[in-house]
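All remarks here apply to the structure that follows.
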Amino acid sequence: MASFALYFNTLQFRQSLTLSYSKPNLCRLYQTRPSNNIVTFISIKRKQTATRYSYINSLPENASWFAKTAPFAFRDCRRSLEAKATISGSSCTVTEKVEKKMRKRKLDRDSPQVKLKNALDMCSKRGDVMGALSLYDSAISEGVKLGQHHYTVLLYLCSSAAVGVVRPAKSGSGARTLNALVSSDGLLNEGLSGPINTNDSSFELDCNAVLNSDLNSTRKDGVFLVSEEDKRYALQRGFEVYENMCVGKVQMNEAALTAVARMAMSVGDGDMAFEMVRQMNDLGISPKLRSYGPALSTFCNNGEIDKAFAVEKHMLEHGVYPEEPELEALLRVSIGAGNSDRVYYVLHKLRSSVRKVSQATASLIVDWFKSKQASRVGKRKWDRRLIMEAIENNGGGWHGQGWLGKGKWEIAHTTIGKDGVCKCCGLQLTTIDLDPIETEHFANSVASMAMMREKGSNFQKFQKWLDYYGPFEAVVDAANINAVANEMRQRLPSKKFPLIILHNKRIKGDKMDESVNRALIDKWNSADALYATPYGSNDDWYWLYATIKFKCLLVTNDEMRDHLFQLLGNDFFPKWKERHQVRFSFSGGGSPVFHMPPPCSVVIQESEEGHWHIPIETELDYESERRWLCITRAKLDMVCKDSSTSFKGN
């Protein structure tokens with residue numbers, strides 16, 4: 001009888017046996033290889049263990065074996081047959097390949113490079129700059145070869161200390177701000193910052209580094225503020241690390257080059273910081289928004305307005321779009337230079353990408369409109385018809401034709417009435433149209449993502465259901481749904497029930513044994529107004545899609561800030577949400593109180609008379625409480641209906 005090689009292939013373990021066979025007790029065989037008499041057995045249910053034995057008498061019944069015809073005609077005889085195997089060399093061993101892999105893993109774990117990586121990651125986690133540099137010095141003296149990750153962590157820590165603040169990795173810092181240059185007294189200047197992601201290792205430091213032992217720093221709000229002396233030392237060592245990385249021809253990445261740009265920022269060298277971004281392009285690395293922060297911050301702080309806007313141009317050319325921190329820096333340098341055209345440009349950038357400005361940006365805008373330069377710029381005469389055409393072509397709310405009027409500006413903090421009228425100047429603010437094509441693309445995008453993420457044909461069934469039972473004037477996703485649905489029904493022109501979307505688990509189970517709950521479900525079903533999303537589904541996709549499809553109201557207190565809604569982007573979705581979401585609360589008597597969409601678009605608006613209305617981003621419960629800046633020319637006849645909240649710029 002010829003012997004042949006038998007391979008056991010499981011999810012957990014592979015082993016090779018040389019067998020001679022008689023009557024195998026195998027359910028099925030998978031596939032033999034005629035050329036070399038090799039049969040491969042595959043088990044996906046049971047883990048095989050490497051033990052020494054001379055015979056295989058049986059295999060578990062519950063193992064799944066698959067066989068196809070081969071030179072060896074094995075029958076499917078689950079229990080009646082027996083297998084005998086003679087082990088070549090009287091041993092069953094793990095294959096050399098597996099043994100080599102295991103040895104390699106152990107060597108890798110014990111290698112100086114891996115130990116150094118784990119130790120540096122721990123330093124990054126704890127914000128230990130001096131400990132990381134001590135590890136670096138030891139590695140260099142012992143001839144340890146450093147890789148990209150080692151250098152990246154070192155450069156991040158050195159650059160953080162160089163700008164004056166070390167944030168322990170993964171500590172989080174709330175809202176994103178421009179990179180901060182921190183003075184020894186703890187005062188921050190503009191810049192772009194954020195910790196790199198390092199592995200959270202539990203490696204115990206066995207080197208001679210003592211965490212922050214030599215760092216002259218004070219801890220404040222979860223970060224270390226670094227002394228001026230240590231900033232200079234970290235900067236010197238950081239450039240030394242970067243030079244060694246270049247000499248060693250270690251491949252650069254975005255994080256390393258951004259860290260070098262931050263070090264350049266700390267010495268006010270915007271050109272070098274910008275050069276790091278250009279190097280990314282040369283190396284085929286896509287710059288991120290944070291990559292531009294050091295150069296932009298430095299040029300803005302130095303008053304180099306042309307270079308600052310050159311950075312912004314480079315960003316746009318490479319598909320990176322500035323957000324409020326970057327635009328605030330550009331606004332500041334434009335105001336400092338008295339460049340009214342640049343100020344006008346940035347205000348419209350804020351309008352299109354930010355919509356509502358922070359308190360800091362609002363203060364900066366007030367400073368501009370109070371300035372003498374602001375009062376001098378503007379057209380004394382303009383063609384009103386052309387301005388109105390521009391506003392109409394833009395969808396309403398702005399014309400973009402430059403400053404209108406001349407003279408001193410008056411600035412007031414105010415609110416907007418329920419009718420969309422400014423309580424200070426009496427101007428009717430605009431509800432800016434949503435682009436129909438953009439709306440259609442948005443709807444298709446939501447449907448596409450939902451179908452990719454929902455199981456089977458669940459979402460297609462929902463779409464067909466909507467086609468049959470729709471349209472609806474409102475969709476409800478809410479707690480206390482009975483009171484909310486009933487009250488909303490009375491407000492709708494058709495008096496038809498809004499579409500109620502509930503997860504399947506909410507309409508089944510013990511609660512449905514109660515007659516009141518059963519009656520509600522029956523009532524909504526009878527009105528063809530209830531859709532139960534199946535188990536395993538995310539009902540957010542369902543109510544969002546239905547609202548988009550029917551261009552109707554969405555009754556929910558969900559702020560739509562989680563990952564699902566972030567997939568939809570920060571451009572169109574906020575505008576759509578503002579126009580369609582109805583929030584609700586309950587009065588003392590328990591009746592629902594609805595807070596309808598705002599009567600105007602909550603976005604920077606520019607009128608045909610050259611007035612500006614700028615919404616301010618604040619924590620508030622409802623839109624009616626939002627504060628706005630009302631900015632008009634002083635020479636115009638202005639009736640202030642909200643004098644208690646207004647003030648005149650001096």
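Just so you know, these numbers come straight off a predicted model, no measurement behind them.
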Under 30°, 30 to 60°, or over 60°: which ring-plane class applies to [X] and [Y], parallel, tilted or perpendicular?
X	Y	result
Trp403	Trp368	tilted
Trp576	Phe573	parallel
His348	Trp398	tilted

Can any side-chain N or O of [X] pair as donor or acceptor with the backbone N or O of [Y] at less than 3.5 Å?
X	Y	result
Ser134	Met130	no
Glu312	Pro322	no
His150	Gly147	yes

Does a side chain donor of either [X] or [Y] reach within less than 3.5 Å of an acceptor in the other side chain?
X	Y	answer
Ser358	Glu617	no
Ser291	Glu254	yes
Glu324	Thr361	yes
Asp121	His149	yes
His399	Glu606	yes
Thr533	Asp539	no

Minimum heavy-atom separation for [X] to [Y], with atom names?
X	Y	result
Pro615	Ile604	CD-N, 3.6 Å
Gln359	Thr618	NE2-CG2, 3.3 Å
Ala308	Val333	CB-CG1, 4.5 Å
Cys600	Thr431	CA-OG1, 3.6 Å
Gly238	Cys158	CA-CB, 3.7 Å
Ala261	Pro294	O-CB, 3.4 Å

Ring of Phe274, cation from Arg278 - is the NZ or CZ under 6.0 Å from the centre and inside 45° of the axis? yes

Side-chain contact test, heavy atoms from C-beta onward, threshold under 4.5 Å: evaluate it for Thr439 versus Phe572 and give yes or no. yes

Contact check, side chains of Tyr321 and Leu327, non-hydrogen atoms, under 4.5 Å: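 Side-chain contact under 4.5 Å: no.
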
State whether Asp137 and Arg237 are salt-bridged, where the test is any N-O pair (Lys NZ or Arg NE/NH1/NH2 against Asp/Glu carboxylate O) under 4.0 Å.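 Counted as a salt bridge, because a side-chain N and a carboxylate O are separated by less than 4.0 Å.
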
Side-chain ion pair, Glu228 and Lys231, N-O less than 4.0 Å: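 A salt bridge links Glu228 with Lys231.
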
How about [X]: does its [atom1] atom have over 12 heavy atoms from other parts shown lying under 6.0 Å from it?
X	atom1	answer
Gln251	CD	no
Ile437	CD1	no
Glu317	CD	yes

Show, in sequence, the C-alpha distance, side-chain angles and deciding distance for Met263 and Met272, and conclude whether the side-chain contact (heavy atoms from CB on, under 4.5 Å) test is met. CA-CA 9 Å; Met263 292 191 295; Met272 181 181 180; over 6 Å; no

Show the numbers, then the answer: is there a side-chain contact (heavy atoms from CB on, under 4.5 Å) between Glu454 and Asn538? CA-CA 8 Å; Glu454 290 297 299; Asn538 185 339; 3.9 Å; yes

For the aromatic rings, using the six-membered ring if either is Trp, is the centroid distance between Phe459 and Tyr545 under 6.0 Å?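 Close enough - the centres of the two rings lie under 6.0 Å apart.
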
Before you tell me yes or no, could you show the steps for Ile140 and Tyr136 under side-chain contact (heavy atoms from CB on, under 4.5 Å), namely the whole-Å CA-CA distance, both residues' side-chain angles and the distance that decides it to 0.1 Å? CA-CA 6 Å; Ile140 294 297; Tyr136 169 73; 3.8 Å; yes

